[in-house]
Amino acid sequence: ILQDTNRVDVAASTFGKSVDGGIVVPYFEPKLLFYTSDSLTGTKHQSALQNGYRSTGAQLSIVLEPYFLPKRWRTDPNTTLVWKLNGQAVNAKDRQNLSVNTSGETGSFTVTAAYNETKRLFRSFTKTLTVTPQ
């Protein structure tokens, strides 16, 4: 697991000759993106949801895809992910998926995913999406 900045070195040798080299791998700020999902076609990765998203149908399934976070983010007990609907914490199916019943909703609402690493100070990221049901 890489830290903020790391050097990765490689060495190879064959027939009495050797070569080595390395590269510095910089830290990238994690990016949280939302996508829609449905039971027939799965997650629609072709386009991330933009703020001001207009939903159709009675159920909105949102998938959170975090880029540049460690793969263990879903199960690591030292990380938290809190889903909020209009600022209030809600129970989600799991850390990566939230389903919202939009039938009968009028006006816009906000969905927020807040990621936090408890062992690293200031390592928290938030993504908010405003949704308007049609």
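For reference, positions follow the sequence shown, starting with 1.
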With no hydrogens and no angle check, do the side chains of Arg95 and Thr79 hold a donor and an acceptor under 3.5 Å apart? yes
Can you name the nearest heavy-atom pair linking Pro66 to Leu69, along with the distance? CB-CD1, 3.3 Å
Tell me, do Val82 and Tyr115 make a side-chain contact under 4.5 Å, heavy atoms counted? no
Atom CD of residue position Gln134 - does it have more than 12 heavy atoms of other residues, nucleotides or ligands inside 6.0 Å? yes
So which atom in Ser99 and which in Gln59 form the shortest heavy-atom distance, rounded to 0.1 Å? CB-NE2, 3.2 Å
Please name the pair of heavy atoms, one in Lys31 and one in Phe68, separated by the smallest distance, quoted to 0.1 Å. N-CD1, 4.4 Å
Using a 4.5 Å cut-off on heavy atoms from C-beta on, say whether the side chain of Leu64 contacts that of Leu32. yes
Hydrophobic clusters here meaning ILVMFWY residues chained together by side-chain heavy-atom distances under 4.5 Å, can you tell me if Leu98 and Phe109 are in one? yes
Which heavy atom in Asp94 sits nearest to a heavy atom in Trp83, and how many Å separate them? O-NE1, 3.6 Å
Evaluate the side-chain proximity of Tyr35 to Ser47: yes if any heavy-atom separation is below 4.5 Å, no if none is. no
Check: Val10 main-chain N/O paired with Asp20 side-chain donor or acceptor under 3.5 Å: no
Minimum heavy-atom separation for Thr110 to Thr128, with atom names? CB-CG2, 4.2 Å
Indicate, with yes or no, if Leu60 and Val63 share a hydrophobic cluster defined by side-chain heavy-atom contacts under 4.5 Å among Ile, Leu, Val, Met, Phe, Trp and Tyr. no
